Amino acid sequence: VLIGGLEWPTSMTADVQSFQYPEDGSVVSVGRSRAAVFAAPGSAAATQSFAEAIVVSLFNGEVVAGKVTASVSAGASARSAGADTTASVVQGLRALGSDVPSAPGSVSLEDWGTMTVLSSDSGSRNAGPPGAQASVTALRIGLSAEHGGLPAGSEIVIGNAQAVAVADLSVPPRPPP
């Protein structure tokens with residue numbers, strides 16, 4: 001199930017008021033979700049994307065979060081290239097009755113799974129042509145055993161965003177006046 005999936009080439013937004021799976025919300029319940037992607041190609045290319053879910057409950061409340069935000073940006077030009085994931089955050093996260101910090105890492109979910117928080121990757125290059133990329137997954141649950149009616153090997157991802165920017169240097173720079 002994918003909600004709010006957006007891809008460039010156009011800047012887009014998506015907004016979903018609520019979502020439950022299955023119909024009773026026993027596996028996933030999200031109060032509201034939204035996503036956006038913005039892109040500006042060219043010699044100074046820039047992209048930004050985010051995915052956000054508010055009031056998240058997984059497995060009848062065994063995992064809850066007030067707000068899950070995956071946010072990334074990337075930019076590239078002849079002078080520099082870079083990417084950023086630091087605006088990503090998971091607020092009010094609790095698992096199995098205990099608070100979980102909004103810091104990158106993994107938490108064991110008893111004998112049935114693992115929860116990974118704020119997993120990200122980014123990189124850049126300054127030549128041939130300059131480019132940068134970033135990706136972040138704010139919250140991922142991987143099941144190692146059957147749980148909540150889902151089979152072992154199932155994965156739930158809440159908040160995933162990617163951004164790629166590559167400078168188009170095919171247009172020669174203007175000569176100085």
Side-chain angles (χ1 to χ4, degrees), residues 1-21 25 27-59 63-77 79-95 99-107 109 113-126 129-142 154-168:
V1 176
L2 174 67
I3 56 174
L6 304 175
E7 291 184 22
W8 188 80
T10 58
S11 296
M12 302 180 71
T13 62
D15 197 349
V16 177
Q17 291 303 312
S18 65
F19 174 81
Q20 290 83 34
Y21 178 83
V27 174
V28 177
S29 177
V30 176
R32 179 179 179 196
S33 66
R34 61 190 185 121
V37 60
F38 305 99
S43 61
T47 61
Q48 180 181 15
S49 65
F50 76 87
E52 183 175 76
I54 300 170
V55 187
V56 176
S57 175
L58 306 174
F59 301 112
V63 176
V64 295
K67 186 176 182 182
V68 178
T69 304
S71 180
V72 295
S73 61
S77 70
R79 293 182 183 199
S80 66
D84 184 35
T85 63
T86 59
S88 300
V89 65
V90 180
Q91 297 173 336
L93 182 60
R94 293 182 56 82
D99 291 340
V100 177
S102 180
S106 294
V107 174
L109 298 172
T114 302
M115 177 174 65
T116 304
V117 180
L118 296 175
S119 172
S120 66
D121 179 50
S122 65
S124 63
R125 67 175 186 260
N126 290 319
Q133 66 81 29
S135 64
V136 65
T137 298
L139 189 62
R140 173 182 281 135
I141 307 289
S154 296
E155 187 174 79
I156 297 172
V157 173
I158 306 289
N160 178 271
Q162 300 173 7
V164 176
V166 178
D168 180 0

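Fair warning: this is a prediction, and the values are worked out from it, not measured in the lab. Hydrogens, waters and symmetry mates play no part in the numbers below; they use all other heavy atoms, side chains included.
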Locate the shortest heavy-atom distance separating [X] from [Y]; write the atom from each residue and the value.
X    : Y    : value
S122 : A83  : CB-CB, 4.1 Å
A44  : S77  : CA-CB, 4.0 Å
V56  : A53  : CG2-CB, 3.7 Å
A81  : S124 : O-OG, 3.6 Å
A161 : F50  : CB-CA, 4.2 Å
T114 : S106 : CG2-CB, 4.0 Å

Requested in this report: Determine, stepwise, if the pair F59 / I141 fulfils side-chain contact (heavy atoms from CB on, under 4.5 Å).
Outcome: CA-CA 11 Å; F59 301 112; I141 307 289; 4.2 Å; yes

Pairwise distance [atom1]([X]) to [atom2]([Y]) - rounded to 0.5 angstrom:
X    : Y    : atom1 : atom2 : answer
T69  : L118 : OG1   : CG    : 9.5 Å
Q162 : T137 : CD    : OG1   : 7.5 Å
S88  : L139 : OG    : CG    : 12.0 Å
S33  : E52  : OG    : CD    : 9.5 Å
M115 : L93  : CE    : CG    : 4.5 Å
R79  : S43  : CZ    : OG    : 10.5 Å

Query raised in the report: Do the side chains of D121 and Q133 get nearer than 4.5 Å, heavy atoms only?
Result: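 Q133 vs D121: side chains touch.
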
Query raised in the report: Does some side-chain heavy atom of V27 sit less than 4.5 Å from a side-chain heavy atom of I156?
Result: yes

Report task. Take V72 and D84, measure what side-chain contact (heavy atoms from CB on, under 4.5 Å) needs, and give me the verdict at the end. Result -> CA-CA 6 Å; V72 295; D84 184 35; over 6 Å; no

Requested in this report: Verify side-chain contact (heavy atoms from CB on, under 4.5 Å) between V166 and R125, making sure each step is shown before the conclusion.
Outcome: CA-CA 9 Å; V166 178; R125 67 175 186 260; 4.1 Å; yes

